[in-house]
Structures are given as C-alpha cells and as structure tokens.
K.L.:
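This structure is in structure tokens; I'll ask about it shortly.
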Amino acid sequence: MTTLTTYLLFNGNCKQAMEFYQSCFGGELSLAKVGNSAMKDHMPASMHDKVINAQLKREGMHISASDWLRPAQTPI
C-alpha cells in the first residue's frame, strides 16, 4: 500500500488547518505548541501559542506540520 507523507508550513493557523484535515481524513492528531516545549525560553512570548510540531496519522497517511517560526524571514 502507498503511504502519503508530507510536511506543511502554516502562517499561524496550523492548529486550525490540522483540525480541518482531521475532520476530513480522520486519524490521530497530536499538537505541540512553542509554549509547551523546551524552545519557549528561546522564543518571544508572542510566539508561544504557535505550533512547533503537529502530526496527523492514520493508515496510509502521515501529515506533519508547523507554523512558520522565523518572523524575520519570508516563508517559501
């Protein structure tokens, strides 16, 4: 069986997007925010609500994602 594996970057709406994908595809969603990670001491408080890692897993599909965490750079 083929497995879809992808990584997506979002501009601050990763949590909402991944919850939408879960509602469409099902599967188990896990989210980690900057404020709950070891990175929080290295990031400004304004970024603590951003998603540092999200994963949606089900048979045949694995989507990983995060919010763009480099505000001084333009996402590609």
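Just so you know, these numbers come straight off a predicted model, no measurement behind them.
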K.L.:
Is there a path of hydrophobic side-chain contacts, each under 4.5 Å between heavy atoms of I/L/V/M/F/W/Y residues, joining Leu69 to Leu8?
P.N.:
no

K.L.:
Same cluster for Leu4 and Met18 if Ile/Leu/Val/Met/Phe/Trp/Tyr side chains link at under 4.5 Å?
P.N.:
yes

K.L.:
Rounded to the nearest 0.5 Å, what separates atom OG1 in Thr5 from atom NZ in Lys57?
P.N.:
10.0 Å

K.L.:
State the CD1-OH distance between Ile63 and Tyr7, to the nearest 0.5 angstrom.
P.N.:
12.5 Å

K.L.:
Tell me whether Leu56 shares a hydrophobic cluster with Phe10, the cluster being built from Ile, Leu, Val, Met, Phe, Trp, Tyr side chains joined at under 4.5 Å.
P.N.:
yes

K.L.:
Transitively linked via ILVMFWY side-chain contacts under 4.5 Å: Trp68 with Val51?
P.N.:
no

K.L.:
Side-chain atoms of residues 37-49: list all donor-acceptor pairs with protein atoms under 3.5 Å, sequence neighbours left out, distances to 0.1 Å.
P.N.:
residue: Ser37; atom: OG; partner: Val34; partner atom: O; Å: 2.8
residue: Ser37; atom: OG; partner: Met39; partner atom: N; Å: 3.1
residue: His48; atom: NE2; partner: Lys40; partner atom: O; Å: 3.0
residue: His48; atom: NE2; partner: Met43; partner atom: O; Å: 3.2
residue: Asp49; atom: OD1; partner: Lys33; partner atom: NZ; Å: 2.9

K.L.:
If the condition is side-chain contact (heavy atoms from CB on, under 4.5 Å), which residues does Ser30 pass it with, not counting sequence neighbours?
P.N.:
Gln55

K.L.:
About how many Å separate CZ of Arg70 and CG of Leu9, when rounded to the nearest 0.5 Å?
P.N.:
10.5 Å

K.L.:
Considering only residues two or more places apart or on different chains, which pairs with a residue in residues 8-19 satisfy salt bridge (Lys or Arg N to Asp or Glu O under 4.0 Å)?
P.N.:
Lys15-Glu19

K.L.:
By side-chain contact (heavy atoms from CB on, under 4.5 Å), which residues pair with Glu28, not counting sequence neighbours?
P.N.:
none

K.L.:
Check whether Asp67 reaches the backbone of Cys14 with its side chain - one donor and one acceptor, N or O, closer than 3.5 Å.
P.N.:
yes

